[in-house]
Amino acid sequence: MSDSIKPVIVGAGAPRPAGDSRPDEDLLAGLNPPQREAVTHRGPALLIVAGAGSGKTSVLTRRIASLLRTREAYPSQILAITFTNKAAGEMRERVRQLIGDSAQGMWISTFHSACVRILRREADQFGFTKSFTIYDSGDSRALVKRLVKEHEGDSFGFTPAAVQGRISKLKNELADAESYARQANMSDPAERVFVDIFADYQRALQKANAFDFDDLIAQTVYLFRAFPHVADVYRKRFRHVLVDEYQDTNHAQYALIHELTRPVVGKAGDAFSSGGMMIFEPDEAPEVEGASLTVVGDSDQSIYAFRGADIRNISEFERDFPGAKVVLLEQNYRSTQNILSAANAVIGHNFDRKDKKLWTDVGDGDPIIGFTGYSQHDEAQFVADEIEALHRKNVDYSQMAVFYRTNSQSRALEEIFIRSAVPYKIMGGTKFYDRAEIKDAMAYLIAVANPADEMAVRRILNKPRRGIGDVTETAIARYAASEGITFRDALANASALGVGVKVQKAIAELDAVLVEASEIMLPSSGEIPPSTSVTEGLRVLLNKSGYYDVLRMSKDPQDEARVENLDELVAVTREFARNNPDGTLLDFLTEVTLVSDADDLDDASGSVSLMTMHTAKGLEYDAVFVTGVEEDLIPHRISAGEPGGPQEERRLFYVALTRARKRLHLSLAMTRAQFGEVSAAMPSRFLQEIPHELIDWRQSPGDVNSRGGMQSRAINGRPGAGGSRFGGSGSNRYGDDLVPLPRREKSDALAKFTNRIPAKIRDNGDMELAAGDRIRHDDFGEGKVDMITGEGAKRVAHVRFDTAGPKKLLIKVAPITKL
DNA sequence: CTCTCCGGTCTTTTT
DNA sequence: GACCGGAGAG
């Protein structure tokens, strides 16, 4: 900042006393010199290169606290961007702990949430209304699907997923349908079709008064560029912009940051109202200098290239923001040296990176434990047993986590965990809000909140079944088009549609329910409804539409669970009302659409956490199990052929390893069932990259592969076996004892292990068991019950098996019989 | 219009 | 092994 201009709009404006004790001195306690620098440096731009576990969250929160404490900024002048809503909540809480409630008024949120806030305020500037809704990926895929069909895109080999991916990528590059069409090769018919689909997709969104995830960012950038006076409002407001996980920002997000931190060039005489104590040069000087930008990131942890993250954002930061200061945080405060050495060795195989080595002074710690199972269930059993062993050593379940590459891998783990009575919680996967009944209920709410959203109205048209089929739906659409009204409004005119009386009545009833709910949640009188109206409105929608009744009268046992899910959703609205006394229906919908998997993570729940390696980013646990460390899984088969794919996979693996504080377990299986069929699996190349002396194999791939079980050489037993030999698919990439199982008829071992788990969960009802009873278990054989704990459906038998040793079993579902 | 059955296609990771 | 779309019967 130059001396002549002091645009900082600090009310009291007391200059910081130079030299003696700083008002933020206590915030620096316990920080190492680079960390201090990261907290106290002031200037236009600061890049904090923060290795895994180097205390970056702490640094970031203290930096914010310091800005507030020294009165360099009001809370309202701070915009902090995090990767997930949960991280945002945590950061807010930690700042509050540091400086108390005066932290109110900061914007701490994800890119997406911040953009929604901006767009809601400014929507009417450019063809949307404040009540716009947000399409999640499922919604937008449904729309793309319809359009691909309409344009017969399948004859050009377009799948909805591919088209959706391409559109998303383009939007992340800030290309819209028009600009893309201008430079597209229009002599290619496939290209023309794609351009048409893209354009129609965008039109449909606009017509529905809706944005997809990518639009939230891109449209905000367009808004700022098209309406500089709007952008200026936010540029003047946010004097300090801080961005976490900067390595995972895409071009649109980068552009947004750029727009926000641009100086405001004011015209002379254009009075600036905020306090009016600004003094600046009359002519060329900007009215307000660009906001100070702080970004935190680690290029070794960039794992979102597939969704447009551009690593250059961080590698070229100094060029993009002249005068930037760079601070390196390399000391790790999380993991033991063994874990760090393994992680360093793995990431060292990426050739296009600045060398950087994490170090710690806490000591070597325990060795890394390795295990190779015959099947994924065998592997899962090892994980479950190991978790139990740790739990007996007083490691809390909530301090343990199991990671995998793909969501589908969670199933085998779940099956075994249920049987072994290991309390667990799955983050992500099929989410609550992805369930059909929940999406239906949400569509009802959206139909009320944003009647322009035709997709939502179409979705609920025949849910529950009310005899409105394809023919009627088309009739409604045609009528709406001919009258120039929306699909939703056409429902009010059932008699004009030329459909049967019965169907007319059904349509009129649906319309009435929507009107009634609308009156509750968005009164036409204009008065502001209490936040509890969402609960009430949802109840009316579900009850009077007949949705609840149909489920309750159904004989399908799954429908019982669906009712429970809907009850849960009603409970969510109640919770929302409690937390947001001023919350509106739209606020509720926005919040629900933008919550991510990691967000509902609850550390205090006393459960082991199961999640993908991606979801694990930013988290840490005392004990970590990385499972499925196999070729074709990590690195994933699909990524192997993509440019930069294997490197990104290696970073992902690195992220997984560095989540562990004290104990790290790596496991794999020699066979893996996917797509119903069993196939041989090979150990991941990344395992070779870990120095062999760091891994203590309980059962190495060699042990498992030699059917006699005589060999026990460790995977990296040969000296010098850790060379970088990735790339080729030659057969000697693995040690001699690492040849994958031959692909031939199932051996006894295979038959025994692959299908150990019945697809259906059994139910032992109220089997009576007491200490001293003897039981037989399908897999573990006979054993004696030591004691019974838990209540009802969660009763657990602690059994000492004659051969398999001690296990815990959930009595209700375990495959056991009393002897 | 609804239900059921069959066959084809999948699965990378997420705001 | 799950999910979707299409075909065909009621």
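Values below: every heavy atom of this structure, side chains too, minus hydrogens, waters and symmetry copies. Keep in mind it's a predicted model, so treat the numbers as computed, not measured. Letters go in sequence order (proteins before strands), and every chain restarts at 1.
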Completion exercise
By ring-ring contact (aromatic ring centres under 6.0 Å, His included), Phe111(A) pairs with (sequence neighbours left out) none

Problem - Counterpart residues, salt bridge (Lys or Arg N to Asp or Glu O under 4.0 Å), relative to Lys149(A) (two or more places apart) - result: none

Handout entry: Side-chain donor/acceptor contact of His636(A) with base of dT12(B) under 3.5 Å
Key = no

Practice task
Taking only Lys NZ, Arg NE, NH1 and NH2, and the carboxylate oxygens of Asp or Glu, determine whether Arg405(A) and Glu630(A) approach each other closer than 4.0 Å.
Solution key: no

Could you list all N or O pairs between the protein and nucleotides 5-8 of chain C that sit under 3.5 Å apart?
unit_1: dG5(C); atom_1: OP1; unit_2: Lys145(A); atom_2: NZ; d: 2.5

Exercise for the section: Would you please name every residue forming a salt bridge (Lys or Arg N to Asp or Glu O under 4.0 Å) with Lys56(A), sequence neighbours left out? Expected result: Asp244(A), Glu245(A)

Exercise for the section: Using the test ring-ring contact (aromatic ring centres under 6.0 Å, His included), find all partners of Tyr548(A) that sit at least two apart in sequence or belong to another chain. Expected result: none

Practice task
Determine if Phe306(A) stacks with dT13(B); use a centre-to-centre distance below 5.5 Å and an interplanar angle below 30° as the criteria.
Solution key: yes

Problem - Any residue meeting salt bridge (Lys or Arg N to Asp or Glu O under 4.0 Å) with Arg166(A), in chain and number order, not counting sequence neighbours - result: Glu191(A)

Practice task
Not counting sequence neighbours, which residues clear side chain to side chain donor-acceptor pair (under 3.5 Å) with Glu473(A)? List them please.
Solution key: Arg458(A)

Practice task
Using the test salt bridge (Lys or Arg N to Asp or Glu O under 4.0 Å), find all partners of Glu414(A) that sit at least two apart in sequence or belong to another chain.
Solution key: none

Problem - Length of the CZ-C1' vector between Phe111(A) and dT15(B), whole Å - result: 11 Å

Completion exercise
Taken in chain and number order and not counting sequence neighbours, the residues that satisfy ring-ring contact (aromatic ring centres under 6.0 Å, His included) with Phe625(A) are His665(A)

Practice task
Could you tell me which residues satisfy ring-ring contact (aromatic ring centres under 6.0 Å, His included) with Tyr654(A), sequence neighbours excluded, listed by chain and number?
Solution key: none

Fill in the blank from the handout: Per-nt protein contacts along nucleotides 1-9 of chain B (heavy atom under 4.0 Å; B base, S backbone sugar-phosphate only, - none) come out as SSS------

Exercise for the section: Ignoring backbone atoms, establish whether Asn407(A) has a side-chain N or O less than 4.0 Å from OP1 or OP2 of dT13(B). Expected result: yes

Handout entry: Any Thr612(A) side-chain N or O less than 4.0 Å from OP1/OP2 of dT14(B)
Key = yes

Fill in the blank from the handout: Sorted by number, residues from residues 131-139 of chain A placing a heavy atom under 4.0 Å from DNA chain B are Ser137(A)

